> 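One structure, as C-alpha cells, below. Some questions next.
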Amino acid sequence: MSRIEGVSRQKANPLIRVIYGLVSRELGKMTGKKGRLTGDIPIRAHRPRLLIGYLRFEKAIATKPRVEERLRALAVLKSAVMQGCEMCQDIGSHEARTAGISDEQVLDLYRYRESEHFDEIERLVCDLAVGMTVTPVQVNDELFAELQQHFDDGQLVELVNLIAVENLRSRFNATFAIGSTGFSEGMACARMEPAAVPVGA
C-alpha cells in the first residue's frame, strides 16, 4: 500500500477521470492487460498540472524512438531494479519481455556482466544505466567512447534521457512506496538489487 492515497475516480474532477481512462487504455495497448492504472497516476493527480505535464513528457519520450526497443527496455529495467521501485520492476519486466528480452536475460540482469545471455551492446547499455543511476553519476570517458561506436548523437541523447526519466519515475514511486500492479504476475521478473559500482569506477 502506498504512503498516501491517490485521487479516486469517484473524487476526481472530470478532466482527471478522462485522463485515467486514456492512461488505462494506453497501458492496455502496452501490456495487453486492460483496465489497469499504475499506482503513480492517482497520486500524481493530487497536482493535476504536474500530472498533465508529466504525461505529455512521457508521450514525447515514447514517440518515434530511434534506439531499438529491446535496448530501451533493458536500460529502463536495469535502472528501475537498482532503485527499489516495485512498480517499475513489475511493469519494466513485462515491457522488457514484450520488447524481446528473454526470460534468461530478465533473470540474469543483476549479473549482466558475467551472464552469457547478454551481448556487447546490451552490456554497454546496462553499464550506462548503472553509471547514471548511482549517485553521484559515474559515466566515464571510456564508457561514453564505447557507446559512441554503436550509437549516433541523437540515439545517445535518447538513451540518456530515457534512463534519467526512469530515475525520476523510480525515485518518485519508491518514495511513495507504490507497489506492483501485477503486470509480471507468474512470469519472469528482474530481481531488486543494490546500486552497483559502475564498471571502471
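Note that this is a predicted model, so its numbers are computed, not measured. In what follows, every heavy atom counts, from backbone to side chain, and hydrogens, waters and symmetry copies are set aside.
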> Of all the heavy-atom pairs spanning Ala75 and Ala129, show the shortest one and how long it is.
O-CB, 3.6 Å
> Arg9 and Gly21: which non-hydrogen atoms are nearest, and at how many Å?
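Shortest heavy-atom separation between Arg9 and Gly21 comes out as NH1-N, 4.2 Å.
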> Considering all heavy atoms of both residues, which atom of Leu71 and which atom of Glu122 are nearest to each other, and what is their separation?
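So the two residues come closest at CD2-CG, 3.9 Å.
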> Search all heavy atoms of Ala73 against all heavy atoms of Ala99 and return the closest pair with its distance.
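So the two residues come closest at CB-CB, 3.9 Å.
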> Between Ser180 and Glu86 (side chain of the first, backbone of the second, donor and acceptor by atom type, cut-off under 3.5 Å), is there such a pair?
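No; judged by distance alone, with no hydrogens or angles, the pair does not exist.
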> If you count every heavy atom of other residues, nucleotides or ligands that lies below 6.0 Å from Glu69 atom CD, does the total exceed 12?
yes
> Got a salt bridge between Arg123 and Glu120, using NZ or NE/NH1/NH2 to carboxylate O under 4.0 Å?
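Looking at Glu120 together with Arg123, the answer is no, because their closest N to O distance does not fall below 4.0 Å.
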> Say whether, by atom type as modelled, one donor and one acceptor occur between the side chain of Asn161 and the main chain of Val157 under 3.5 angstrom.
no
> At what distance, to the nearest 0.5 angstrom, does CD1 of Ile178 lie from CZ of Phe172?
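Reported to 0.5 Å precision, the distance equals 5.5 Å.
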> Before accepting this row, confirm whether a basic side-chain N of the pair Lys78/Glu193 lies closer than 4.0 Å to the acidic partner's carboxylate O.
yes
> With heavy-atom distances below 4.5 Å as the criterion, would you say the side chains of Gln155 and Asp152 are in contact?
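Counting from C-beta outward, Gln155 and Asp152 do come under 4.5 Å.
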> Given side-chain contact (heavy atoms from CB on, under 4.5 Å), test Leu128 with Phe144 step by step and report yes or no.
CA-CA 8 Å; Leu128 179 63; Phe144 202 84; 5.7 Å; no
> Would you give me the side-chain donor-acceptor pairs under 3.5 Å for residues 44-56, sequence neighbours excluded?
residue : atom : partner : partner atom : Å
Arg44   : NE   : Asp40   : OD2          : 3.4
His46   : NE2  : Glu5    : O            : 2.7
Tyr54   : OH   : Glu58   : OE2          : 2.6

> Kindly determine whether Arg111 and Glu114 satisfy salt bridge (Lys or Arg N to Asp or Glu O under 4.0 Å), including the steps that lead there.
CA-CA 6 Å; Arg111 59 179 212 100; Glu114 297 77 39; 5.1 Å; no
> Return yes if some donor-acceptor pair links the side-chain N/O of Gln89 with the main-chain N/O of Val81 below 3.5 Å, else return no.
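Flag not set: sc Gln89 to bb Val81 has no pair under 3.5 Å.
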> Are Val137 and Val125 joined in one hydrophobic group, where the rule is that I, L, V, M, F, W and Y side chains link up if heavy atoms are under 4.5 Å apart?
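Yes; Val125 is reachable from Val137 via cluster members.
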> Assess whether side chain to side chain donor-acceptor pair (under 3.5 Å) is satisfied between Gln83 and Glu166, documenting all intermediate values.
CA-CA 10 Å; Gln83 297 178 76; Glu166 183 52 42; 5.3 Å; no
> Counting only N and O atoms by type, is there a donor-acceptor contact under 3.5 Å from the side chain of Ser8 to the main-chain atoms of Lys11?
yes
> Evaluate the side-chain proximity of Cys85 to Arg171: yes if any heavy-atom separation is below 4.5 Å, no if none is.
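Side-chain contact under 4.5 Å: no.
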> Please tell me whether Tyr110 and Val130 are part of a single hydrophobic cluster in this structure, the criterion being side-chain heavy atoms less than 4.5 Å apart.
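Different clusters: Tyr110 never reaches Val130 through Ile, Leu, Val, Met, Phe, Trp or Tyr contacts under 4.5 Å.
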> Please verify the inter-ring angle class for His94 with Phe183; under 30° counts as parallel, over 60° as perpendicular, anything in between as tilted.
tilted
> If you take all heavy atoms of Val106 and Cys189, which pair is closest and at what distance?
CG1-C, 3.5 Å
> Minimum heavy-atom separation for Leu143 and Val139, please, with both atom names.
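So the minimum-distance heavy-atom pair works out to CD2-CG1, 4.2 Å.
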> Kindly check if the number of other-residue, nucleotide or ligand heavy atoms within 6.0 Å of CG (Asp141) is above 12?
no
> Would a single hydrophobic cluster contain both Phe151 and Met132, if residues Ile, Leu, Val, Met, Phe, Trp and Tyr are joined by side-chain heavy-atom contacts under 4.5 Å?
yes
> Let me see the working for Asp127 and Arg113 under side-chain contact (heavy atoms from CB on, under 4.5 Å), right down to the final yes or no.
CA-CA 9 Å; Asp127 286 346; Arg113 277 259 137 227; 2.5 Å; yes
> Rounded at 0.5 Å granularity, tell me how far CD1 in Ile101 sits from CG in Leu74.
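It comes to 4.5 Å.
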> Can you tell if the side chain of Glu158 reaches within under 4.5 Å of the side chain of Pro65, non-hydrogen atoms only?
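In short, these two side chains touch, coming nearer than 4.5 Å.
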> For a side-chain hydrogen bond (donor to acceptor under 3.5 Å, both in side chains) with Glu68, tell me which candidate from Arg70, Arg72, Arg66 qualifies.
Arg70
> From Met82 CE over to Leu77 CG, what is the distance, rounded to the nearest 0.5 angstrom?
11.5 Å
> Kindly work out whether a path of hydrophobic side-chain contacts (I/L/V/M/F/W/Y, heavy atoms less than 4.5 Å apart) joins Ile91 to Tyr20.
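Yes; Tyr20 is reachable from Ile91 via cluster members.
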> Can you tell me how far the OG1 atom of Thr175 sits from the CD1 atom of Ile4, to the nearest 0.5 Å?
11.0 Å
> Could you tell me whether a side-chain N or O of Asp90 sits under 3.5 Å from a main-chain N or O of Thr181, the two making a donor and an acceptor?
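Side chain of Asp90 to backbone of Thr181: a pair is present.
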> Looking at CD1 of Ile41 and OG1 of Thr38, how far apart are the two atoms once the value is rounded to the nearest 0.5 Å?
4.5 Å
> Rounded to the nearest 0.5 Å, how far apart are CG of Leu159 and CD1 of Ile163?
5.5 Å
> Check the hydrophobic clustering (I, L, V, M, F, W, Y; side-chain heavy atoms under 4.5 Å; chains of links allowed) and say if Val76 and Met192 are grouped together.
no
> Determine whether Asn167 and Ser79 satisfy the following criterion, side chain to side chain donor-acceptor pair (under 3.5 Å), listing intermediate values before the conclusion.
CA-CA 7 Å; Asn167 272 263; Ser79 179; 3.3 Å; yes
